[in-house]
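Each remark here refers to the structure printed beneath this line.
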2 protein chains.
Amino acid sequence: MARTGRPREFDREKAIETAMNTFWEKGFETTSLADLRTVLNLSSASFYAAFGSKKALYEECLKRYTDTCGEVTSYLDDGSKSPKQAIQSMLRHTVAVQTSSTSPQGCMAVLSGMNCCDDNKEVETLTFSVRKQTRDAIFRCVTRGIERGELAATTDAESYTLMLDSFVKGISIQAKDGATEEQLLAAVDYLLMNWTSPMN
Amino acid sequence: MARTGRPREFDREKAIETAMNTFWEKGFETTSLADLRTVLNLSSASFYAAFGSKKALYEECLKRYTDTCGEVTSYLDDGSKSPKQAIQSMLRHTVAVQTSSTSPQGCMAVLSGMNCCDDNKEVETLTFSVRKQTRDAIFRCVTRGIERGELAATTDAESYTLMLDSFVKGISIQAKDGATEEQLLAAVDYLLMNWTSPMN
DNA sequence: TATATTATAGATTAATCATTCCATAAAAGT
DNA sequence: ACTTTTATGGAATGATTAATCTATAATATA
């Protein structure tokens, strides 16, 4: 059964991508509905018919982000690599995405939903859960590193994870502040010297 | 010559401290003038007579922050300590401040002025310069570490600084996300294992 | 006591905020 | 052709934004 009614005149998927980039660059609170209507070239009625609300659109955009360029758990949970290699490839991918000239700098989950007013605390909660997912995946990777003997058996997985994850979250600030891919890749190399690897 | 006219009924210095904490916790854009008037218990006229504008007050608050609890360059430029010890004491102080229960979590220069609308780009610029000052001080410290032989002579000071500073900036996100002082101090210890110190 | 100066409370402003309403248009189903 | 359904453009909504205005109050100086 095909859809009835007047067909939409714009590509909803492309609109989400465009809105994602806007939220990513400017943040949830700082992106006004007028901003969205401008970049999407939509009337108010069309916007609300298609997306429900600014907040609902943001949720779709954040999901799009974690489903595409912001996805990192696949790197960290890749059992075909050594834990150190998994962390390394995740970090390199993260640096590449966050310094790319074709998308906003930094991580959407760090930069776009950190400070919301009381009415929009769900947005903070949502971005927090994304940040937590990354941290949990790093923890799994560190745990495997200890199990495999890549890291000392005495390593406190939680603290070591927090060390790595703090660096990861800091990349967003550096990228936003103008650090280049080359500079951050070199920083990644220095960080991983910390990871004592008797095997490679 | 004493000041003439009706005396102010509130303590301007205390007001700056209070406003600083509000901006620090909620961010510049998310803190409304109504919010400020509430926490300061001030009428609009009194507010503008005393501070000029929301932006001008923010500037005073950020200066207050970097002059007090947000001050870190003194740790990094302390020549009486070894460069590694200087970095370490700076990191420990930073962790203590950013996880203290008596003030907002994280760093004001990272969290309060990251995403501003077009009218308030000066606020972004201002917080950026604060972040840059910290990075420059870390760079000086790293350079001294190389000169003294604490770090390998082949160390790229810029990249190593970026590695350390990314961690520093990431502390803000972790603190805001609920990391405790103990957890972050342990993370600091793991980070500094990276700093190869033949001398201590 | 009179004047100059500054602070106060509270109303007011124009702009912007996210959202909704209304009339019309374009498609599918009967 | 007619009804149902959904999308559209554009005006209108009430709330909130930062900032200003008006009138009055409290101080120092002359």
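A note on names: the letters A, B, ... follow the listed sequences, proteins ahead of strands, and every chain is numbered from 1. Bear in mind that the values here come from a model prediction, so they are computed numbers and not experimental data.
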- Any Lys/Arg nitrogen of A:Arg92 or A:Asp189 sitting under 4.0 Å from an Asp/Glu carboxylate oxygen of the other?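 Between A:Asp189 and A:Arg92 there is a salt bridge, with a charged N closer than 4.0 Å to a carboxylate O.
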
- Hey, are B:Glu150 and B:Arg144 close enough for a salt bridge, meaning a charged N less than 4.0 Å from a carboxylate O?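 No, no charged N to carboxylate O under 4.0 Å.
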
- Task: Rounded to the nearest angstrom, tell me the gap between atom CZ in A:Phe51 and atom P in C:dT19.
- Result: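 Taking CZ of A:Phe51 and P of C:dT19, I get 13 Å after rounding.
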
- Is the number of heavy atoms from other residues, nucleotides or ligands within 6.0 Å of CG (B:Asp136) greater than 12?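 For B:Asp136, atom CG is crowded (more than 12 foreign heavy atoms under 6.0 Å).
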
- Message: Is it the case that atom NZ in A:Lys132 sees more than 12 heavy atoms from other parts of the structure closer than 6.0 Å?
- Response: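 Open.
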
- Test log, rule side chain to side chain donor-acceptor pair (under 3.5 Å), inputs B:Ser74 and B:Glu71: CA-CA 7 Å; B:Ser74 68; B:Glu71 197 280 318; 2.7 Å; yes

- Task: Ignoring backbone atoms, test whether B:Thr4 places a side-chain nitrogen or oxygen under 4.0 Å from the OP1 or OP2 oxygen of D:dA28.
- Result: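 Checking D:dA28 against B:Thr4, no side-chain N or O comes under 4.0 Å of OP1 or OP2.
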
- Under 4.0 Å: is that the gap between some side-chain N or O of A:Ser46 and OP1 or OP2 of D:dA7?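 Indeed not, no polar side-chain atom of A:Ser46 lies that close.
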
- Message: Donor-acceptor check, side chain of A:Ser100 to backbone of A:Thr102, threshold 3.5 angstrom: yes or no?
- Response: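 Such a contact is found between A:Ser100 side chain and A:Thr102 backbone.
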
- Message: Between B:Lys121 (side chain only) and B:Cys116 (backbone N and O only), is there a donor and an acceptor less than 3.5 Å apart?
- Response: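 Checked: pair present.
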
- Message: Short of 4.0 Å, heavy atom to strand atom, which residues of residues 7-25 of chain B count as contacting DNA chain C?
- Response: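 Those residues whose heavy atoms fall under 4.0 Å from DNA chain C, taken from residues 7-25 of chain B in numerical order, are B:Pro7, B:Arg8, B:Glu9, B:Phe10.
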
- Task: Mark up nucleotides 16-25 of chain D, 5' to 3', with B wherever a protein heavy atom is under 4.0 angstrom from a base atom, S wherever such an atom reaches only the sugar-phosphate, and - elsewhere.
- Result: -SSBBB---B

- Under 3.5 Å, is there a donor-acceptor pair between the B:Thr73 and B:Gln133 side chains?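 No, because no side-chain N or O of B:Thr73 sits under 3.5 Å from a partner of the opposite role on B:Gln133.
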
